[in-house]
Chemist: 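Below is the structure I would like to discuss, written out as C-alpha cells.
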Amino acid sequence: MLLKKIFLFATLTCLIGSIFCIFAPNFIVLMVGRLLQAISTGLSTPLMFHLIFSSVPTKKLGLYTGFASVIISLAPALGPTYGGVLTSLWSWRSIFIGTIPIIILVGLLGAWSIDQPATGVSKHSFDYLGVVGLAIVFTSIILTFNEAGQFGWLSSSFRIGAILSIIIIGLFIIYAIKGNRKLIDYSILQYPILRFRLFSYFGLQFINIGLSFILPLFAQTVLHSSAMEAGLMLLPGSLLGAAIGPIAGRIYDRTGPFIPLVTGGILMLCGTTLFWLLTKQLNFWLITSIYTLIRIGFNAGFGTSISDGSLQVPLQNKSDQNSLFSMMQQYAGSLGTGISAAVISGVAIMYPHLNTVSANVTGTRFSFILLIGLSIAILLSVIVAQTKYRQQPHIK
C-alpha cells in the first residue's frame, strides 16, 4: 500500500512540523517546522489528485477536481483570517495548536479510506540528482528576487543573480532532456494545450497567493487595520469563491473547458484592474468586494485547468502531469509572495524620500500592474488554446 504509506508519512511530517512550530524558541526552529509542513503539503497535494484521476470517471472529473481545488485554494486564502484572529485573541503559537486536532483526524480518515495501489512505478529509479537540481533552480530564482527586494531592481546583486539563475536553468534543462533518469517526464510538455493549462494553473495560483500577501499588508500598513481585520476582509471572498469550484467543474463536465476558463480569466483581469485603478481609494469593504470578484474568477479556472490538463496526456503519463501541476502550484505560491514582496520593498529603495505609507501604496500599485499583466496572459492563453489547438472535442 504505497499510497497509504505516503499519506501517513505526510501526516506524521505535518504533525511533527506543527509541534516544532508550537514550541519554537527561535526563528530557525520555526523555519524547520514550516519546512516539515511544506514537505507534507508537497506529498499530499499530488496524492489527492492522483486518487481523483485514478478513481473518478472522466465524465465527473471536473466536479471532483472542483472540490479538490476548493481545498487547495481555500486553505491559503483563509490563512490570513485564521492567523489574524488567533494572533489578536491569543498568540501566534495558537495558529499551530489549532491544527493539531485536524491533522490527527485527517490522518485517521486517510488510514481508513486510502486503499488504491500505486501504478507505473515498479520499473523506475528515483532521480535524486533531478530533485537536487530542481531545488537549486527554484531556490536560485527566489534568492534572485530577494536580492531585488533588499538592494533594488537595478542593483548589481539582482543582475548577477538573474544571470546565474538563467545559467542554472539552462543546465537543468540540458539534464532533463539528456539525463537517463527523469524525476518527471518533461516530454509531456510537447502537448500544446497541456502547456497552456499549466500556465493558467500556475498564473492563477501566483495571483491568488500574491494577493493574500499584498492585501493584508496594505490593510495593516496603509489602512492601519488590526491583524484580525486584515484577515477577516478576505473571508467572504474565500467562502464564496470556494462554492464556485464544484459549479465550474460541473460546467466543465457538460460543456468543456472554455466557458469556465475564459470566465475566470475575465474576472481576474477585471479584479486586478480595479485594484490598480482604486488603490488610493481602497478601504475595508472595497477590498472585500473586489477580492470576492477575483476569488470567483480564480475558482472558475483553477480546477478546470488541471482537469483539462489531465486529459491531454496518455494514461502512463498521468502521474507526471499530476506531479508537474502540483509542483508548479506550490512554487507559484512561493514565487507570488516573493516577487510581490520584492516589488513593494524595491519601491522603498528606489524612492527613499517616500514615507512608509506612500512607499507601500506605490509598491502595491506596481504589484497590481504585474498581476494585471499576468491576468491578460492567462486570458490570452485560454483563447489561443481554444482557437488554435483545440482539435478534439472534450471527452465526456
Chemist: Step by step, work out the side-chain contact (heavy atoms from CB on, under 4.5 Å) result for Ile376 and Leu380.
Modeler: CA-CA 6 Å; Ile376 293 173; Leu380 289 176; 4.0 Å; yes

Chemist: Taking side-chain hydrogen bond (donor to acceptor under 3.5 Å, both in side chains) as the test, write out the residues that go with Ser18, two or more places apart.
Modeler: Gln37

Chemist: With a 4.5 Å cut-off on side-chain heavy-atom distances among I, L, V, M, F, W and Y, is there a chain of contacts connecting Ile166 to Ile174?
Modeler: no

Chemist: For residues Ile100 and Ile22, determine if any side-chain heavy atom of one lies less than 4.5 Å from a side-chain heavy atom of the other.
Modeler: yes

Chemist: Answer whether the closest heavy-atom distance between the side chains of Phe325 and Leu194 falls below 4.5 Å.
Modeler: yes

Chemist: With side chains defined as the heavy atoms from C-beta onward, is the minimum distance between Ile372 and Phe275 less than 4.5 Å?
Modeler: no

Chemist: To the nearest 0.5 Å, what is the distance between CZ (Phe202) and CE (Met328)?
Modeler: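 Taking CZ in Phe202 and CE in Met328, the distance rounds to 4.5 Å.
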
Chemist: Are Ile378 and Met268 close enough, and set up right, to give a side-chain contact (heavy atoms from CB on, under 4.5 Å), and what steps lead you there?
Modeler: CA-CA 9 Å; Ile378 292 171; Met268 296 293 282; 5.9 Å; no

Chemist: Could you report the tightest heavy-atom contact between Ala10 and Ser40, atom names first, then the distance?
Modeler: O-OG, 2.7 Å

Chemist: Between Thr144 and Ser165, does the side chain to side chain donor-acceptor pair (under 3.5 Å) criterion hold? Intermediate values first, please.
Modeler: CA-CA 8 Å; Thr144 296; Ser165 295; 2.8 Å; yes

Chemist: Just checking Met350: does its CE atom have more than 12 heavy atoms from other residues, nucleotides or ligands closer to it than 6.0 angstrom?
Modeler: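 No, because the 6.0 Å sphere around CE of Met350 holds 12 heavy atoms or fewer from other groups.
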
Chemist: Please check: side-chain N/O of Ser345 versus main-chain N/O of Gly149, any donor-acceptor pairing under 3.5 Å?
Modeler: yes

Chemist: For Phe366, does the CZ atom sit with more than 12 other heavy atoms under 6.0 Å from it, leaving out its own atoms?
Modeler: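 No - once you tally the heavy atoms of other residues, nucleotides and ligands closer than 6.0 Å, there are 12 at most.
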
Chemist: Please indicate whether Phe23 has more than 12 foreign heavy atoms, meaning atoms of other residues, nucleotides or ligands, lying under 6.0 Å from its CZ.
Modeler: no

Chemist: Arg197 side chain to Ile306 main-chain N or O, any donor-acceptor pair under 3.5 Å?
Modeler: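 No, because the side chain of Arg197 does not come within donor-acceptor range (under 3.5 Å) of the backbone of Ile306.
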
Chemist: Side chains of Thr356 and Asn360, heavy atoms from C-beta outward: is any pair under 4.5 Å?
Modeler: no

Chemist: Taking all non-hydrogen atoms of both residues into account, name the closest pair between Tyr291 and Ser238 and its distance.
Modeler: CE2-OG, 3.9 Å

Chemist: Kindly say whether Ser187 contributes a backbone atom to a donor-acceptor pair with the side chain of Gln190 at under 3.5 angstrom?
Modeler: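 Looks like yes, one N/O pair under 3.5 Å.
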
Chemist: Are the side chain of Ser157 and the backbone of Glu147 linked by a donor-acceptor contact shorter than 3.5 Å?
Modeler: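 No; judged by distance alone, with no hydrogens or angles, the pair does not exist.
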
Chemist: Taking Arg250 for its side chain and Leu63 for its backbone only, find out whether a donor-acceptor pair lies under 3.5 Å.
Modeler: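 No, Arg250 side chain to Leu63 backbone: no donor-acceptor pair under 3.5 Å.
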
Chemist: Return the CG to OG1 distance between Leu105 and Thr11, rounded to the nearest 0.5 Å.
Modeler: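 Leu105 CG to Thr11 OG1: 10.5 Å, rounded to 0.5 Å.
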
Chemist: Is a side-chain N or O of Ser155 found less than 3.5 angstrom from the main chain of Gly152, in a donor-acceptor match?
Modeler: yes

Chemist: Quick one, Phe96 and Phe20 - any side-chain contact, counting heavy atoms below 4.5 Å?
Modeler: no

Chemist: Contact between Thr387 and Ile383 at the side-chain level, heavy atoms closer than 4.5 Å - yes or no?
Modeler: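 Touching, per the 4.5 Å side-chain cut-off.
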
Chemist: Hey, does Val361 have a side-chain heavy atom less than 4.5 Å from the side chain of Lys280?
Modeler: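 Yes, close enough: below the 4.5 Å cut-off.
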
Chemist: Answer yes or no: are there more than 12 heavy-atom neighbours, outside Arg34 itself, under 6.0 Å from its atom CZ?
Modeler: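 Count not over threshold, so no.
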
Chemist: Test your reading of the model: is there a side-chain donor-acceptor pair from Ser140 to the backbone of Val137, 3.5 Å cut-off?
Modeler: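 Yes: the side chain of Ser140 pairs with the backbone of Val137.
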
Chemist: Any link between Phe206 and Leu143 through a network of hydrophobic side chains (Ile, Leu, Val, Met, Phe, Trp, Tyr) touching at under 4.5 Å?
Modeler: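 No, Phe206 does not connect to Leu143 through the hydrophobic network.
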
Chemist: Rounded to the nearest 0.5 Å, how far apart are CG of Leu234 and CG of Leu211?
Modeler: 9.0 Å

Chemist: Treating Arg295 as the side-chain partner and Leu235 as the backbone partner, does any N or O pair qualify as donor plus acceptor under 3.5 Å?
Modeler: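 Answer holds: no.
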
Chemist: Going through the distances and angles, do Gln312 and Ile188 end up as a side-chain contact (heavy atoms from CB on, under 4.5 Å)?
Modeler: CA-CA 9 Å; Gln312 309 305 319; Ile188 60 175; over 6 Å; no

Chemist: Any luck finding a side-chain donor-acceptor pair between Ser323 and Asp320 under 3.5 Å?
Modeler: no

Chemist: Tell me whether Ser310 contacts the main-chain N or O of Ser307 through its side chain, where contact means a donor paired with an acceptor under 3.5 Å.
Modeler: yes

Chemist: Applying the 4.5 Å side-chain criterion to the ILVMFWY set and letting contacts propagate, would Ile160 and Phe158 be lumped into a single cluster?
Modeler: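 The answer is no; the residues belong to distinct hydrophobic clusters.
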
Chemist: Dump the intermediate steps for ring pair (Phe, Tyr, Trp, His ring centres under 6.0 Å) on Phe302 and Tyr201, then the final yes or no.
Modeler: CA-CA 6 Å; Phe302 191 65; Tyr201 196 70; 4.3 Å; yes

Chemist: Between Arg159 (side chain) and Leu154 (backbone), is there a donor-acceptor pair under 3.5 Å?
Modeler: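 It does hold such a pair.
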
Chemist: Same cluster for Val347 and Phe151 if Ile/Leu/Val/Met/Phe/Trp/Tyr side chains link at under 4.5 Å?
Modeler: no

Chemist: Could you pull out the closest heavy-atom pair between Ile349 and Gln150, with the gap in Å?
Modeler: CD1-O, 3.0 Å

Chemist: Output the distance between atom CG (Leu282) and atom CG (Leu215), rounded to the nearest 0.5 Å.
Modeler: 8.0 Å

Chemist: According to a 4.5 Å side-chain heavy-atom criterion applied to Ile, Leu, Val, Met, Phe, Trp and Tyr, with indirect links allowed, do Ile28 and Leu30 form part of one hydrophobic cluster?
Modeler: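 No, because Ile28 and Leu30 fall into different hydrophobic clusters, even though each may have its own neighbours under 4.5 Å.
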
Chemist: Would you compute the distance between atom CD1 of Ile369 and atom CG of Leu371 and round it to the nearest 0.5 angstrom?
Modeler: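 Ile369 atom CD1 to Leu371 atom CG measures 10.0 Å (nearest 0.5 Å).
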
Chemist: Shortest non-hydrogen contact from Phe7 to Gly107?
Modeler: CE2-O, 3.7 Å

Chemist: Testing the basics here: between Trp153 and Ala342, what is the closest heavy-atom pair and its distance to 0.1 Å?
Modeler: NE1-O, 3.4 Å

Chemist: Looking only at heavy atoms, what is the nearest atom pair of Ser340 and Ile214, with distance?
Modeler: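 Ser340 and Ile214 have their closest heavy atoms at OG-CD1, 3.7 Å.
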
Chemist: Looking only at side chains, do Ser200 and Ser381 share a donor and an acceptor under 3.5 Å apart?
Modeler: yes

Chemist: Decide if atom CZ of Phe213 counts as having more than 12 heavy atoms of other residues, nucleotides or ligands within a radius under 6.0 Å.
Modeler: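 Atom CZ in Phe213 is crowded, with more than 12 foreign heavy atoms closer than 6.0 Å.
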
Chemist: Decide yes or no for Ile207 and Phe298: does some side-chain heavy atom of the first lie under 4.5 Å from some side-chain heavy atom of the second?
Modeler: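 SC-SC contact between Ile207 and Phe298 ruled out.
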
Chemist: Would you give the length of the straight line joining atom CG of Asn299 to atom CG of Leu267, rounded to the nearest 0.5 angstrom?
Modeler: 11.0 Å

Chemist: Go through it in stages, so that I can follow the logic: the residues are Ile290 and Leu278, the test is side-chain contact (heavy atoms from CB on, under 4.5 Å), and I'd like the CA-CA distance, side-chain angles, deciding distance and then a yes or no.
Modeler: CA-CA 10 Å; Ile290 301 175; Leu278 302 174; 4.3 Å; yes

